[in-house]
Amino acid sequence: MISCVNLTKKYLENNKNEITVIDNISLTIKTGEFLIITGPSGSGKTTFLYLLSGLETPSIGNVYFNKQDINEMSNKQKWQFRQNEIGFVFQNYHLIPTLNVFDNVCLPLLIKNEKIDIEKVNRILSLTKILDKAKSYPEQLSGGMQQRVAIARSLIHEPKVVFGDEPTGNLDKNKAEEIMQLFKKINQELKTTIVLVTHNLNHLTYATRIIELANARIIKDVRV
Ligand code: ADP
Ligand code: MG
């Protein structure tokens, strides 16, 4: 589904020294995988995730989504790719405070000018266990609940892949486990491919494949 070939990302540190954050990585992610990317802080996890999802552009190398090079897409194709094929979940939820849960979840559809199918929205709210919170506002919800809303929003357009950058990073142990269980359910029931970054080693048991990054390279790649 997603692959990268000789992927390299370099940044200028303090506008002078060039640092290599992703160093010549090639990888293929298959449909249906639950991939966890782990590794120490600064090892390049976020950058790698952003490159794979097209939020960052590579310095060298290519990223393919279903054989199409995402960095060769026209602006319109890129929009369509983001609006139809992928979902994203962040550590800090990034909900719109002035919209209630239902409207936050529907936002990707509103942006696409797509008609809201209330039953479909309710199915997603039910799957993510926030149906009873549909009229609540983000500030009325716990962090765990807010992340459920963000996950529902990432699913509403039925993407093929959901990316998550430390989605449990702000949650306590039990809430974090619940969120990981939810990702597992999404992977198994909706067959959505999941690519998550975490440095919580307790969460590796949820993955079907674990990749460990260190110093901008993959040092371990195991299927479990
Ligand atoms: P991780 O998510 O594993 O903590 P990151 O991908 O965020 O790692 O960062 C890897 C390295 O790249 C770090 O040294 C970071 O300072 C550097 N870096 C990340 N983004 C930028 C940027 N936009 N400009 C310069 N350096 C960056
Ligand atoms: Mg990071």
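Every value quoted in this text rests on a predicted model; they were computed, and no experiment measured them. Counting convention: from 1, in listed order, for ligands and their atoms alike.
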Inset, instruction - Measure from the ring center of Phe183 to the ring center of Tyr206 and say whether it is less than 6.0 Å. - result: no
Inset, instruction - Compute the centroid of each ring, for Phe88 and then for Tyr50, and state whether the two points are separated by less than 6.0 Å. - result: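 Under 6.0 Å, so yes.
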Legend entry - Candidate list Ile22, Val21, Leu213, test side chain to side chain contact (heavy atoms under 4.5 Å, CB included), partner Ser43, passing option: Leu213
Is there at least one pair of N or O atoms, one from [X] and one from ligand 1, spaced under 3.5 Å apart?
| X | value |
| --- | --- |
| Gly42 | yes |
| Glu56 | no |
| Leu12 | no |

Hphob cluster co-occupancy, [X] + [Y], side-chain heavy atoms under 4.5 angstrom:
| X | Y | answer |
| --- | --- | --- |
| Ile130 | Ile118 | yes |
| Val89 | Ile186 | yes |
| Leu155 | Leu35 | no |

Legend entry - Heavy-atom protein neighbour under 4.0 angstrom from atom 15 (C) of ligand 1: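 Protein heavy atoms within 4.0 Å of atom 15 (C) of ligand 1 - there are none.
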Legend entry - Sub-4.0 Å protein heavy atom near atom 26 (N) of ligand 1: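 Given the 4.0 Å cut-off, atom 26 (N) of ligand 1 counts as touching protein heavy atoms.
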Legend entry - Flag, side chain of Gln146 to backbone of Pro138, donor-acceptor distance under 3.5 Å: yes
Legend entry - Main-chain N/O of Gln188 paired with Lys191 side-chain donor or acceptor, under 3.5 Å: yes
Inset, instruction - Flag the pair Lys120 and Glu158 as a salt bridge only when some basic side-chain nitrogen lies within less than 4.0 angstrom of an acidic carboxylate oxygen. - result: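 Looking at Lys120 and Glu158, the cut-off is met.
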Inset, instruction - Pick, from Ser41, Ala216, Gly44, the option with the minimum heavy-atom distance to atom 8 (O) of ligand 1. - result: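 Ranked by closest heavy atom to atom 8 (O) of ligand 1, first place is Gly44.
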Inset, instruction - Tell me which one of Lys45, Glu13, His199, Glu166 gets a heavy atom nearest to atom 3 (O) of ligand 1. - result: Lys45
Inset, instruction - Using a strict 4.0 Å cut-off to heavy atoms of Pro40, name the atoms of ligand 1 that fall inside it. - result: 3 (O)
Starting from [atom], what is the nearest protein heavy atom, named by residue and atom, and what distance separates them?
| atom | value |
| --- | --- |
| atom 9 (O) of ligand 1 | Thr47 OG1, 4.0 Å |
| atom 24 (N) of ligand 1 | Tyr11 CD2, 3.4 Å |
| atom 7 (O) of ligand 1 | Thr46 CB, 3.7 Å |

Inset, instruction - Determine whether the side chain, the backbone, both or neither of Val21 has a heavy atom under 4.0 Å from any heavy atom of ligand 1. - result: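 It is the side chain that touches ligand 1; the backbone stays farther off.
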Inset, instruction - Would you check if Ser59 and Lys9 make a side-chain contact, meaning some heavy-atom pair closer than 4.5 Å? - result: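 Touching, per the 4.5 Å side-chain cut-off.
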Inset, instruction - Return the number of protein N, O or S atoms with a distance to the Mg ion (ligand 2) smaller than 2.8 Å. - result: 1
Inset, instruction - Would you please say whether a donor-acceptor pair under 3.5 Å links the side chains of Thr46 and Asp165? - result: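 Yes.
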Legend entry - Partner residues of His94 under the ring-ring contact (aromatic ring centres under 6.0 Å, His included) criterion, sequence neighbours left out: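 Result, ring-ring contact (aromatic ring centres under 6.0 Å, His included) vs His94: Phe90.
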